[in-house]
Amino acid sequence: MTLYLDNAATTFPKPASVHEAVKCGLAEVGASPGRGAYRLARKASSMVEDARTKVASVLGIHDPDRVIFTKNATESINIALKGWLRPGDRVVTSAMEHNAVVRPLWRLKEAGIEVVAVRPAGEGGVVDPATLKRYLEVPTRLVILNHASNVNGALQPAPAIAEACRAMGTVLLLDAAQTAGLQPIEADAWNLGMLACSGHKALLGPPGVGVLYIRPDLDVFPLMEGGTGTRSEDAGQPMDCPDRYESGTPNLPGIVGLAAGVDFILEKGRDSLLKHETEMAFFLEEELGKLPGVRLVSPETRGTGTVSFVIDDLNPGDAGYLLDEGFDIAVRTGLHCAPLAHRTLGTFPQGTIRVSPGYSTTPEDLEYFLKAVRVVARHGA
């Protein structure tokens, strides 16, 4: 059986309750939410609204109607960036961002938007809030940064950065793809402008569902228009949230699976899940650091269980192949869709070997992984 250590990409295995919820949404309810007055359609609508409430609770959002369901974090980020920014605007981001941020910003630069990237204060990828605040002395419409890096788990000081943005009158968009469901997040208390996350990572839901939060005072244009099941008599898109942003048939099985993932987190305790993953990361770093030829790419402040390292004279891709073929261990290698972060961390262009334990990873799993790395590292010696 494969030892799966790529939970930063998507959590696996999902809790059994998530499987059951997806099956229920697909096989037992099946109707389109908000598209009918009959019993099954009403049930489907109720399930979606229940999921919205649960997601709001775990993200510190007081009004569940501000929770918008998308297909993934990338779509959420695209809605936020392209719906809020206008030609001539200025955006401040970090040099640790994922391509889900970098590529839309690259396109928006061609439309006349200025993009400035703040470098981290140290070698591990964490941005200094005071430094970022100085960048905001020039009028800036948006700050966007990830809450934790998908490369090495570096945790940004989101509350302090949010306070700096508030003081300077700048909107903050937090990319919480790696942290939602794991790190404490208080969208309203931190006065976030927007928040984007996926449902299939630490929130433990299935692929195909993402989340976008938009603060009520922000007029963000939708990326798409179309059928919403409401105000069908109007030619124009409804302006109410979430309908303004949820055109087309919702992904009922995915959304109810996400709700089951949140239930699992609340049952086990988010703090307990975070403690489990970060303790495993610290153990891995300690043990990997003892191996000749292994170099860790560690953060100053850890936010997830993600650990990145390189083996001298061994391409990360080759190392991943050896771990897979020789030991049936699944890890992520290369640039992890974050070449900007790797440039910042000094691991471009080959990238790193990334191992990311999950809620079901055991100490025995890590011992087996370390044994395999010791063997693989000899190929680079």
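One N or O on the side chain of T344 and one on the backbone of A95 form a donor-acceptor pair closer than 3.5 Å. At least one donor-acceptor pair under 3.5 Å links the side chain of Y245 to the backbone N or O of V220. The backbone N or O of G125 lies less than 3.5 Å from a partner atom in the side chain of Q156, making a donor-acceptor pair. E300 contributes a side-chain N or O that, together with a main-chain N or O of G124, makes up a donor-acceptor pair within less than 3.5 Å. Q178 contributes no side-chain N or O that, together with a main-chain N or O of G153, makes up a donor-acceptor pair within less than 3.5 Å. Judged by distance alone, the side chain of T347 and the main-chain N or O of T352 form no donor-acceptor pair under 3.5 Å. Judged by distance alone, with hydrogens and angles left aside, the side-chain atoms of N251 form no donor-acceptor pair with the main-chain N or O of V209 at under 3.5 Å. Under a 3.5 Å cut-off, the side chain of K82 and the backbone N or O of L108 do not form any donor-acceptor pair. Put simply, the side chain of K201 gets close to the backbone of A8: a donor and an acceptor are under 3.5 Å apart. The main-chain N or O of F69 is found under 3.5 Å from a side-chain atom of E246 such that the two form a donor-acceptor pair.
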Just do the side chain to side chain contact (heavy atoms under 4.5 Å, CB included) check on V58 and L203 with the steps written out, would you? CA-CA 9 Å; V58 83; L203 285 171; 4.0 Å; yes
T304 and E277: side-chain hydrogen bond (donor to acceptor under 3.5 Å, both in side chains), yes or no, with the steps? CA-CA 7 Å; T304 69; E277 292 193 20; over 6 Å; no
After noting the C-alpha distance and the side-chain angles of V373 and L288, does the key distance pass the side chain to side chain contact (heavy atoms under 4.5 Å, CB included) rule? CA-CA 8 Å; V373 171; L288 287 168; 3.9 Å; yes
Verdict with supporting geometry, K14 and T11, side-chain hydrogen bond (donor to acceptor under 3.5 Å, both in side chains): CA-CA 6 Å; K14 306 295 183 186; T11 47; 2.7 Å; yes
Checking side chain to side chain contact (heavy atoms under 4.5 Å, CB included) for the pair M194/V171: CA distance, chi angles, key distance, verdict? CA-CA 8 Å; M194 291 175 279; V171 171; 4.2 Å; yes
Would you sort out whether L340 and M96 count as a side chain to side chain contact (heavy atoms under 4.5 Å, CB included), showing the intermediate values? CA-CA 6 Å; L340 180 60; M96 287 293 292; over 6 Å; no
Any chance you could lay out the ring pair (Phe, Tyr, Trp, His ring centres under 6.0 Å) test for H342 and H336, step after step, and finish with the verdict? CA-CA 9 Å; H342 281 281; H336 319 114; 4.9 Å; yes
Show, in sequence, the C-alpha distance, side-chain angles and deciding distance for K290 and E287, and conclude whether the salt bridge (charged side-chain N to carboxylate O under 4.0 Å, His left out) test is met. CA-CA 5 Å; K290 298 175 183 177; E287 295 302 313; 3.1 Å; yes
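When the shell of 6.0 Å around CZ of R103 is examined, it contains 12 or fewer heavy atoms from other residues, nucleotides or ligands. The local environment of OH in Y321 is sparse, with at most 12 non-hydrogen atoms from other residues, nucleotides or ligands closer than 6.0 Å.
Residue pairs meeting the ring-ring contact (aromatic ring centres under 6.0 Å, His included) criterion with at least one partner in residues 202-222, sequence neighbours excluded, do not occur; the list is empty.
One finds no salt bridge joining D128 and K133 here, because no Lys/Arg side-chain nitrogen approaches an Asp/Glu carboxylate oxygen to under 4.0 Å. Salt bridge K109/E114: absent, no basic N to carboxylate O contact under 4.0 Å. The pair R86-D89 does not count as a salt bridge, with every side-chain nitrogen at least 4.0 angstrom from each carboxylate oxygen. With salt bridges taken as basic N to acidic carboxylate O contacts below 4.0 Å, one links R52 and E49. By the 4.0 Å N-to-carboxylate-O rule, R244 lies close enough to D219 to be salt-bridged with it.
Put simply, CG on L296 and CG on N152 are 10.5 Å apart, with the number rounded to the nearest 0.5 Å. L370 CG to F283 CZ: the interatomic distance, rounded to the nearest 0.5 Å, is 5.5 Å. Taken to the nearest 0.5 Å, the CG atom of L173 stands 9.0 Å off from the CG atom of L85. Note: R90 CZ to T140 OG1 = 4.0 Å, rounded to the nearest 0.5 Å. Taken to the nearest 0.5 Å, the CG atom of L40 stands 15.5 Å off from the CZ atom of R35. Interatomic distance, CD of E75 versus CD1 of I68, reported as 10.5 Å (0.5 Å rounding).
Nearest heavy atom pair, residue V22 against residue G257, reads CG2-CA, 3.9 Å. Nearest heavy-atom pair across N191 and R215 is O-NH1, 3.2 Å. Nearest heavy-atom pair across A100 and T74 is CB-OG1, 3.6 Å. Summarising the geometry of P357 relative to N7, their closest heavy-atom pair is C-ND2, 3.5 Å, with the distance given to 0.1 Å. The shortest non-hydrogen separation linking P129 to P157 is CG-CG, 3.6 Å. A pairwise comparison of heavy atoms in E97 and T93 identifies CG-OG1, 3.1 Å as the closest pair.
You'll find the side chain of H200 stays beyond 4.5 Å of the side chain of P206, heavy atoms only. L105 is listed as a side-chain neighbour of L81, based on a closest heavy-atom distance under 4.5 Å. Taking 4.5 Å as the limit, some side-chain heavy atom of V118 sits within range of a side-chain heavy atom of T131. Residues L323 and L3 have side chains not in contact (no heavy-atom distance under 4.5 Å, counting atoms from C-beta outward). Here the side chains of I214 and R66 are in contact, with some heavy-atom distance below 4.5 Å. A heavy-atom distance below 4.5 Å is found between the side chains of V331 and I329. Taking the side chain as every heavy atom from C-beta outward, P222 and S247 never approach each other to under 4.5 Å. Y135 has its side chain out of reach of V143: every pair of non-hydrogen atoms, C-beta onward, lies at least 4.5 Å apart.
When the side chains of ILVMFWY residues are joined at heavy-atom separations under 4.5 Å, either directly or via intervening members, L142 and L136 end up in two distinct hydrophobic clusters. V126 and F282 fall into different hydrophobic clusters, where Ile, Leu, Val, Met, Phe, Trp and Tyr residues are linked whenever their side-chain heavy atoms come under 4.5 Å apart, directly or through other members.
Between the side chains of S298 and E285, at least one donor N or O sits under 3.5 Å from an acceptor N or O. In summary, the side chains of T2 and D328 do present a donor paired with an acceptor at a separation below 3.5 Å, with no hydrogens or angles considered.
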Let me check something: any side-chain donor-acceptor pairs from residues 159-168 under 3.5 Å, sequence neighbours excluded? List them with distances.
residue: E163; atom: OE1; partner: R166; partner atom: NE; Å: 3.1
residue: E163; atom: OE2; partner: R166; partner atom: NE; Å: 3.4
residue: E163; atom: OE2; partner: R166; partner atom: NH2; Å: 2.6

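In this structure D50 satisfies the side chain to side chain donor-acceptor pair (under 3.5 Å) test together with K54, sequence neighbours excluded.
A side chain to side chain contact (heavy atoms under 4.5 Å, CB included) with L204 is found for one member of I265, L258, T10, L182 and no other, namely I265.
Checked against the 6.0 Å centroid criterion, the rings of Y359 and F264 qualify as a close aromatic pair.
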